[in-house]
Asker: 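Provided herewith is a single structure, encoded as structure tokens, for subsequent inquiry.
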Amino acid sequence: MEKNIDATLDLVKSLKDFEAQITKLLELTNVIVLDGQVLKEREQKIIDSALILAGQCIALFLYNLSQSQSVLDTAKAQTQGWWHPKTQRHGFRTRQILTIGNVLVTLKLPYVVTINKKKDKNKYFCEGFCPFLMWLGMSEGLTPLVWSTVAQYGAITSSFEAACTTLTGWGINLSLKRIERLTYKFGQIGINLRQSKILNRQLGNLAEGNILKDQRVVIAVDGGRSRIRINKKGRKNSKTKRHGFIGKWVEPKLFTIYVVDEQGKKINNSEIPITNDGTYEGYKALLEILEADLVDLGISQAKQVLLIGDGAEWIWIHIPPLLARLGCPVETYQLFDFYHVTENIKVFADAAFNEEVQSKECFVKVRKSLKKGKAKSLISQMDELIAVATGERCKIMVAKRNYILDAYRKGRLNYDKAIDKKLPIGSGAIESLIRQVVNLRIKGNSKFWLKENAEIMLHLRCQWIARSWDNFCGSIFNSFIKPQAA
């Protein structure tokens, strides 16, 4: 497909060109040389022709919009939030917009500027925009569909290089640097909207939703690992003219909120969506995000709530009080991830027995006991084994026994009750989220992310995995007429 195709702004001509191309591609000539590869190439040509026709139609629609005075007046009214007392009209500007199929349309649009005086200098600088482009989310020189598609593939593919290849196949031919810049800018708007929600919650302006009303809610929390790039201090390298950097391992913290039905199966539809998010800014920032999302979803109206996680102290010190403060129902339960607990028991069993057969037999027996709610008798058995242990093995066994004992005392080993109520006992949902969001893109050999870019990528991938990308894009494009949110 050509790099850029000028818009014809003539529907009849575009349809004739399309008909001529398709008619030729549908001819049954040289059938003898037809094979899978030839058919594949012909399929691609048909798709390319269809994409170009779609781009020409979109370009014509945009041109017609730009020629309508009522549309321009609407654009001015819808973007009043971006105007300042010193904002004034400043003639017209010519802008090019890229549509699907690499079709480029040129529009002549009204332009407004805000003139501000620089401090301590007798100079002025201007900030301007086209109300028409701001209103329709096209200030970056692309249609909303193209921009959101670029951001989508920039986030969900394994690299920006892979995104570039994929987008080219779908009629969006952009440079690697532009794909990267557009992805980060799209994601940054999402981060800004998230911060706006947090601020509204802190100011008491966030309305409580009712999505979780009478629902059985599961909140799973955990952390991943990836490396953040930190620039070294001092002079730049004389050869590269850049600062060196170090890669620091950090823990992004993530959560997922989802609903299960009476049979314990996860629900994910437009009425009850899954909510995923996370941050590199530490547990305090995560708590703010979690609180805003829970209020927005209406956690106080839930029927049951289950908090599940591993043994990380920050989870159990901070999140249960948060849930209590938000008015969670009486049926609010806390569970240690069953499989994380059994990992600790496996270490205990390996230290307690010399023979692998005995260790495995003990481990299988203990797993069954835990599911039946016999944690107390399990601890007694662990004490008996510790009494006859010595040396380093004894230290390992005591540490694992204390872990189980602490969890039991705090009521986080009630797997029998969770099973009876058909609630999950494992944190597979959050483990899967970490793998898909962090491990498959952000974590990897020779990957050193700037913290702000890693935060954006984390947020974008969370939206995609939750299957809420369309709603996410809608909130971003709506924000262009609400500057206080954007």
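Keep in mind that what you see is a predicted model, and the values were worked out from it rather than measured.
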Asker: Of all the heavy-atom pairs spanning Ala429 and Lys266, show the shortest one and how long it is.
Answerer: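 Where Ala429 meets Lys266 most closely, the heavy atoms are CB-NZ, 3.8 Å.
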Asker: Within the side chain of Asn439, is there an N or O that forms a donor-acceptor pair under 3.5 Å with the backbone of Lys443?
Answerer: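 No; judged by distance alone, with no hydrogens or angles, the pair does not exist.
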Asker: Could you pull out the closest heavy-atom pair between Val305 and Pro329, with the gap in Å?
Answerer: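 Distance-wise, the nearest heavy atoms are CG2-CD, 3.8 Å.
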Asker: Side chain of Ser427, backbone of Ile430: donor and acceptor closer than 3.5 Å?
Answerer: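 Absent.
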Asker: Judged by atom type as modelled, is there a donor-acceptor pair below 3.5 Å linking the side chain of Thr165 to the main-chain atoms of Glu161?
Answerer: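 Present.
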Asker: State which residues pass salt bridge (Lys or Arg N to Asp or Glu O under 4.0 Å) with Arg401; sequence neighbours excluded, sorted by chain then number.
Answerer: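 Per chain and number, Arg401 pairs via salt bridge (Lys or Arg N to Asp or Glu O under 4.0 Å) with Asp383.
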Asker: Can you check whether Thr168 reaches Ile172 side chain to side chain, under 4.5 Å on heavy atoms?
Answerer: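 No, too far: nothing below the 4.5 Å cut-off.
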Asker: May I ask you to test the Ile211-Asp296 pair for a side-chain heavy-atom distance under 4.5 Å?
Answerer: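 When only atoms from C-beta onward are counted, Asp296 and Ile211 do not touch, as no gap falls below 4.5 Å.
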Asker: Would you say Leu206 and Lys197 make side-chain contact, with heavy atoms under 4.5 Å?
Answerer: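 Leu206 reaches Lys197 side chain to side chain.
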Asker: To check you understand the geometry: which heavy-atom pair defines the closest contact between Leu335 and Ala418, and what is its length?
Answerer: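 So the minimum-distance heavy-atom pair works out to CD1-CB, 3.7 Å.
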Asker: Tell me, please, which residues at least two apart from Lys232 pass salt bridge (Lys or Arg N to Asp or Glu O under 4.0 Å).
Answerer: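 Checked Lys232 against salt bridge (Lys or Arg N to Asp or Glu O under 4.0 Å); zero matches.
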Asker: Does any non-hydrogen side-chain atom of Val218 lie less than 4.5 Å from one of Val259?
Answerer: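 Not in contact.
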Asker: Where do Asp222 and Glu431 land on the side chain to side chain contact (heavy atoms under 4.5 Å, CB included) test, with the steps shown first?
Answerer: CA-CA 7 Å; Asp222 204 350; Glu431 297 289 349; 2.9 Å; yes
Asker: What is the minimum heavy-atom distance between Cys462 and Leu254, and which atoms define it?
Answerer: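 Closest pair (atom of Cys462, atom of Leu254, distance): SG-CD2, 4.1 Å.
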Asker: Kindly determine whether Phe255 and Leu433 satisfy side chain to side chain contact (heavy atoms under 4.5 Å, CB included), including the steps that lead there.
Answerer: CA-CA 9 Å; Phe255 66 81; Leu433 180 66; over 6 Å; no
Asker: Looking only at atom types and distance, does a side-chain atom of Arg93 sit under 3.5 Å from a main-chain N or O of Leu109, one as donor and one as acceptor?
Answerer: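 Not at all, since once roles are kept as given, no pair shorter than 3.5 Å links the two residues.
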Asker: Does Asp337 have any salt bridge (Lys or Arg N to Asp or Glu O under 4.0 Å) partners at least two apart in sequence or in another chain, and if so, which?
Answerer: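 If we apply the salt bridge (Lys or Arg N to Asp or Glu O under 4.0 Å) test to Asp337, skipping adjacent residues, there are no hits.
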Asker: Could you give me the CA-CA distance, side-chain angles and deciding distance for Gln436 and Ser432, then say whether side-chain hydrogen bond (donor to acceptor under 3.5 Å, both in side chains) is met?
Answerer: CA-CA 6 Å; Gln436 295 180 77; Ser432 175; 2.9 Å; yes
Asker: Please confirm whether the backbone N or O of Glu356 pairs with a side-chain atom of Ser359, one donor and one acceptor, at under 3.5 Å?
Answerer: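 Side chain of Ser359 to backbone of Glu356: no pair is present.
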Asker: Dump the intermediate steps for side chain to side chain contact (heavy atoms under 4.5 Å, CB included) on Leu290 and Leu322, then the final yes or no.
Answerer: CA-CA 9 Å; Leu290 179 60; Leu322 171 64; 4.0 Å; yes
Asker: Please tabulate, one pair per line, all N/O donor-acceptor pairs under 3.5 Å involving side-chain atoms of residues 360-376, not counting sequence neighbours.
Answerer:
from	atom 1	to	atom 2	distance (Å)
Ser369	OG	Lys365	O	3.0

Asker: Hey, is the main chain of Arg178 close enough, under 3.5 Å, to the side chain of Ser175 for a donor-acceptor pair?
Answerer: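 It does hold such a pair.
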Asker: If you measure only the distance, is there a donor-acceptor pair under 3.5 Å linking the side chains of Thr332 and Gln304?
Answerer: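 The answer is no; no qualifying pair exists.
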Asker: Which pairs count as ring-ring contact (aromatic ring centres under 6.0 Å, His included) when at least one residue sits in residues 432-463, sequence neighbours excluded?
Answerer: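 Residue pairs with at least one partner in residues 432-463: Phe245-Phe448, His459-Phe472.
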Asker: Yes or no on side chain to side chain contact (heavy atoms under 4.5 Å, CB included) for Val112 and Trp82, after CA distance, side-chain angles and deciding distance?
Answerer: CA-CA 10 Å; Val112 299; Trp82 295 93; over 6 Å; no
Asker: Side-chain donor-acceptor contacts of residues 390-398 below 3.5 Å, not counting sequence neighbours, with atom names and distances?
Answerer:
from	atom 1	to	atom 2	distance (Å)
Arg393	NH1	Asn354	OD1	2.3
Arg393	NH2	Asn354	OD1	2.8

Asker: Salt bridge (Lys or Arg N to Asp or Glu O under 4.0 Å): which pairs involve residues 404-426, sequence neighbours left out?
Answerer: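 Residue pairs passing salt bridge (Lys or Arg N to Asp or Glu O under 4.0 Å), neighbours aside: Glu331-Lys421, Asp406-Lys410.
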Asker: So does Gly411 get a backbone contact from the side chain of Asn414, meaning a donor-acceptor N/O pair under 3.5 Å?
Answerer: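 At least one qualifying donor-acceptor pair exists.
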Asker: Which residue pairs pass the salt bridge (Lys or Arg N to Asp or Glu O under 4.0 Å) test when at least one of the two sits in residues 137-149, sequence neighbours left out?
Answerer: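 Applying salt bridge (Lys or Arg N to Asp or Glu O under 4.0 Å) to every pair that reaches into residues 137-149, excluding sequence neighbours, yields Glu140-Arg181, Glu140-Lys185.
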Asker: Assess whether a salt bridge exists between Lys303 and Glu262, defined as any Lys/Arg side-chain N lying under 4.0 Å from an Asp/Glu carboxylate O.
Answerer: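 Glu262 and Lys303: salt-bridged.
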Asker: Could I get the full list of ring-ring contact (aromatic ring centres under 6.0 Å, His included) partners for Phe160, not counting sequence neighbours?
Answerer: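 Expected list: Tyr184.
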Asker: Could you check if a side-chain atom of Thr256 sits within less than 4.5 angstrom of a side-chain atom of Val221, using non-hydrogen atoms only?
Answerer: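 No. Closest side-chain heavy atoms not under 4.5 Å.
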Asker: Report yes or no: does Arg227 contribute a side-chain atom to a donor-acceptor pair with the main-chain N or O of Val250 at less than 3.5 Å?
Answerer: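 Here the side-chain-to-backbone pair does not exist.
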Asker: Does anything in residues 193-213 pair up under ring-ring contact (aromatic ring centres under 6.0 Å, His included), and if so which pairs, sequence neighbours excluded?
Answerer: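 For residues 193-213, and leaving out neighbouring residues, there are no ring-ring contact (aromatic ring centres under 6.0 Å, His included) pairs at all.
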Asker: Donor-acceptor check, side chain of Ser196 to backbone of Asn192, threshold 3.5 angstrom: yes or no?
Answerer: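 No.
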Asker: Give the minimum heavy-atom separation between Asn173 and Asn102, together with the two atoms involved.
Answerer: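 Reported closest heavy-atom pair: N-OD1, 2.7 Å.
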Asker: For a 4.5 angstrom cut-off between non-hydrogen side-chain atoms, does Asp470 reach Cys473?
Answerer: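 A side-chain contact is absent here, since even the closest heavy-atom pair is not under 4.5 Å.
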Asker: Which pairs, with at least one residue in residues 258-290 and sequence neighbours excluded, count as a ring-ring contact (aromatic ring centres under 6.0 Å, His included)?
Answerer: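 Residue pairs with at least one partner in residues 258-290: Tyr283-His318.
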Asker: Compare all side-chain heavy atoms of Pro273 with those of Arg467 and state whether any distance is below 4.5 angstrom.
Answerer: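 With C-beta onward as the side chain, the pair stays apart.
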Asker: Determine, for Lys253 against Glu251, whether the closest basic-nitrogen to carboxylate-oxygen distance falls under 4.0 angstrom.
Answerer: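 Salt bridge between Lys253 and Glu251, a charged N being under 4.0 Å from a carboxylate O: yes.
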Asker: Salt-bridge test for Glu288 and Arg194: reply yes if a basic N is under 4.0 Å from a carboxylate O, no otherwise.
Answerer: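 No, this pair does not count.
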Asker: Taking only residues two or more places apart in sequence, or in another chain, which ones meet Glu281 in a salt bridge (Lys or Arg N to Asp or Glu O under 4.0 Å)?
Answerer: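 Expected list: Lys451.
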Asker: Would you check if there is a donor-acceptor pair between the side chains of Thr99 and Thr143 at a distance under 3.5 Å?
Answerer: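 No.
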Asker: Centroid separation under 6.0 Å, is that true for the rings of Phe336 and Tyr403?
Answerer: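 Yes: the rings meet the under 6.0 Å criterion.
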Asker: Going by atom types only, do Thr275 and Asp293 share a side-chain donor-acceptor pair under 3.5 Å?
Answerer: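 Their side chains do not contain a donor-acceptor pair, so the 3.5 Å distance test is not met.
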Asker: Determine the sole option in Tyr339, Tyr333, Phe338 for which the ring-ring contact (aromatic ring centres under 6.0 Å, His included) test with Tyr415 is passed.
Answerer: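 So, applying the ring-ring contact (aromatic ring centres under 6.0 Å, His included) to Tyr415 and each of Tyr339, Tyr333, Phe338, only Phe338 qualifies.
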Asker: If you measure only the distance, is there a donor-acceptor pair under 3.5 Å linking the side chains of Ser148 and Gln152?
Answerer: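 Not at all, the side chains of Ser148 and Gln152 share no donor-acceptor pair under 3.5 Å.
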Asker: Would you call Leu142 and Leu174 a side-chain contact if the rule is heavy atoms closer than 4.5 Å?
Answerer: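 In contact.
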Asker: Can you tell whether the side chains of Arg325 and Glu291 come within less than 4.0 Å, N to carboxylate O?
Answerer: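 A salt bridge links Arg325 with Glu291.
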Asker: I'd like to know if the side chain of Asn344 reaches the main chain of His340, judged simply by a donor and an acceptor atom lying under 3.5 Å from each other, with no hydrogens or angles considered.
Answerer: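 At least one qualifying donor-acceptor pair exists.
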Asker: How about Trp147 and Phe186: are their ring centroids closer than 6.0 Å?
Answerer: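 Distance test on ring centres: under 6.0 Å, yes.
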Asker: Gly154 and Thr183: which non-hydrogen atoms are nearest, and at how many Å?
Answerer: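 Nearest heavy atoms, Gly154 then Thr183: CA-OG1, 3.7 Å.
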Asker: Using the ring of each side chain (for Trp, its six-membered ring), is Phe480 parallel, tilted or perpendicular to Phe477, with breaks at 30° and 60°?
Answerer: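 Rings of Phe480 and Phe477: tilted, as their planes differ by 30° to 60°.
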